[in-house]
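Report on one structure; see the data block that follows.
Residue numbers start from 1 in every chain, and the chains themselves are labelled A, B, ... in the order their sequence lines are given, proteins ahead of strands. All values below were derived from every heavy atom in this structure, side-chain atoms included, with hydrogens, water molecules and symmetry-related copies excluded.
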2 protein chains.
Amino acid sequence: MDNPKTDTEALNQEIINKIKPSMPKKELLYDLSDFFKVMGDSTRIQLLWALEESELCVGELSAILDMTKSAVSHQLKVLRTAKLVRSQKRGKNVYYSLNDEHVQTIVKMALEHVCE
Amino acid sequence: MDNPKTDTEALNQEIINKIKPSMPKKELLYDLSDFFKVMGDSTRIQLLWALEESELCVGELSAILDMTKSAVSHQLKVLRTAKLVRSQKRGKNVYYSLNDEHVQTIVKMALEHVCE
DNA sequence: ATTATATATGAATAATTGTTCAAATGTCAA
DNA sequence: TTGACATTTGAACAATTATTCATATATAAT
C-alpha cells in the first residue's frame, strides 16, 4: 500500500468524521447523565414508586421505606433539585408529589429492560 | 382526643398499610437502580449515542469521544455487562453495537425531561 | 519468530455519594 | 413562652467508581 495512514489505521475515518459533529454538547450530556444519576439509587426509586400512588409526607415515606426521616429527607431534596418531585407544606407536614409525567414512563421502560 | 396514637401521629396509617406491600422487592429494586446507574455516566451516554448511528470499533469510539482506548474499553465492558451493547470480533478489531431497543426510547424520554 | 496494532485488564488514585448522627428550624398546642 | 413534633441541614464516614498507567493478550503482516 502506498498510504501509510491506511496501512496502520484500520479505522473508518469517514464515519468518525460523520458521527463526531453529531455528538451531544457537553452541557446536554451532563444534564442527561445527571438525570440518570438521580434515578440510579434504590432509595430514590422507592420514593418515586410510592409517590406514584399518592401524595405523601416525609413521615409516611419514612414508614413505607422503613428508613430514617433524615435519610428520606436528604433523598427527597435530591429529587426536588432534579425537579422530579414537588413539595407543599401543610401544617407541620411537607407533602411530596410527582412533578414529571415522563418519569413513570421511563421507569416502566426500564422495567421492561431488566425483566427479561 | 381519646386516642393517643392519633394525637401524636399525623400520619395516614391507612395509606401506609396500602402502599407498603405494593413496593417493589429488593431484587427488582436493585436491578432497576443498577440499570439507571449504568446510564448515569456521560461517557457511557456518549458511547450509546454514537452506537445509535452505527456499529463501531473501540478505536473509532475512542476517536469520536476523544478519550483513551483504555477508558473507552473499560466503559464498554460496563455496557456489555449490563447487556446494553454486544460485541463482535472481526480481525484485530472488536465491533460494538446496541443490544436493546428500549435504550433509545429511554434516552429520548430523558431528553424531553431535561430539555424544558 | 518477530514486530506492530487493537483491545482488554488490574492496580492505584481521586472524586463522588448515601447514610448516620447531632443539631437547627419551623409549626402547632397548651 | 414552653414543649412536642415534623422536617431540614451539615459534617463525617464508608463505599463506590471513572480515569490513568502499565502490562497482558490476541491477531495480522513481514
(request) Tell me whether the OP1 or OP2 atom of C:dA6 has a side-chain N or O from B:Tyr96 closer than 4.0 Å. (result) no

(message) Just the rounded figure in Å: distance from P of C:dT17 to CZ of A:Phe36.
(response) 16 Å

(request) Indicate yes or no: at least one non-hydrogen side-chain atom of A:Ile64 is less than 4.5 angstrom from one of B:Met23. (result) yes

(message) Can you tell me if A:Asn93 touches the phosphate of C:dT27, counting only side-chain N or O atoms and a distance under 4.0 Å to OP1 or OP2?
(response) no

(request) Mark yes when over 12 heavy atoms from residues, nucleotides or ligands other than A:Glu14 sit less than 6.0 Å from its CD; otherwise mark no. (result) no

(request) Grab the CG-P distance between A:Leu76 and C:dT19 for me, whole Å please. (result) 11 Å

(message) To the closest 0.5 Å, what do you measure between OG (A:Ser54) and CG (A:Leu61)?
(response) 9.0 Å

(message) So A:Asp31 and B:Cys115, do their side chains get closer than 4.5 Å, heavy atoms only?
(response) no

(request) Under the side chain to side chain contact (heavy atoms under 4.5 Å, CB included) rule, collect the residues that match up with A:Thr81, sequence neighbours excluded. (result) A:Lys77

(message) Give me the atom names and distance for the closest heavy-atom approach of B:Ala110 to A:Ile106.
(response) N-CD1, 3.8 Å

With the criterion being N/O to N/O and under 3.5 Å, what pairs connect the protein with nucleotides 23-25 of chain C, and how long is each?
none

(message) In whole Å, I'd like the distance from the CG atom of A:Leu61 to the P atom of D:dT7.
(response) 9 Å

(message) Looking only at the side chain of A:Lys92 (C-beta and beyond, no hydrogens), which of the listed nucleotides C:dA8, C:dC28, D:dT8 gets closest?
(response) C:dC28

(message) Tell me whether the rings of B:Phe35 and A:His113 are parallel (<30°), tilted (30 to 60°) or perpendicular (>60°).
(response) tilted

(request) Tell me whether the OP1 or OP2 atom of C:dA6 has a side-chain N or O from B:Lys69 closer than 4.0 Å. (result) yes

(message) Distance check needed: C:dG18 P versus A:Leu47 CG, whole Å only.
(response) 12 Å

(message) From CG of B:Asn12 over to P of D:dA6, roughly how many Å is that when rounded to an integer?
(response) 14 Å

Validation: residues 41-53 of chain A side-chain donor-acceptor distances under 3.5 Å, sequence neighbours left out:
| residue | atom | partner | partner atom | Å |
| --- | --- | --- | --- | --- |
| A:Asp41 | OD2 | A:Thr43 | N | 3.1 |
| A:Asp41 | OD2 | A:Arg44 | N | 3.1 |
| A:Arg44 | NE | A:Val38 | O | 2.6 |
| A:Arg44 | NH1 | A:Gln75 | OE1 | 2.6 |
| A:Arg44 | NH2 | A:Lys37 | O | 3.2 |
| A:Trp49 | NE1 | B:Ser22 | O | 3.2 |
| A:Glu53 | OE2 | B:Ser22 | OG | 2.7 |

(request) Could you tell me whether the side chain of B:Arg80 reaches within less than 4.5 Å of the side chain of B:Asn99, counting heavy atoms only? (result) no

(request) Assign a letter to each nucleotide of nucleotides 10-19 of chain D from its 5' end: B, base within under 4.0 Å of a protein heavy atom; S, sugar-phosphate only; -, no contact. (result) B------SSB

(message) Could you tell me how far apart A:Leu65 (CG) and C:dT19 (P) are, to the nearest whole angstrom?
(response) 10 Å

(message) Can you list everything that forms a side chain to side chain contact (heavy atoms under 4.5 Å, CB included) with B:Ala63? Sequence neighbours excluded, please.
(response) A:Ile16

(request) Answer with yes or no whether the side chains of B:Gln88 and B:Arg90 bring together a donor and an acceptor at under 3.5 Å. (result) yes

(request) Find the bend of the helix from C:dA1-D:dT30 to C:dA30-D:dT1 as the angle between its two terminal axes (five pairs each), to the nearest 10°. (result) 20°

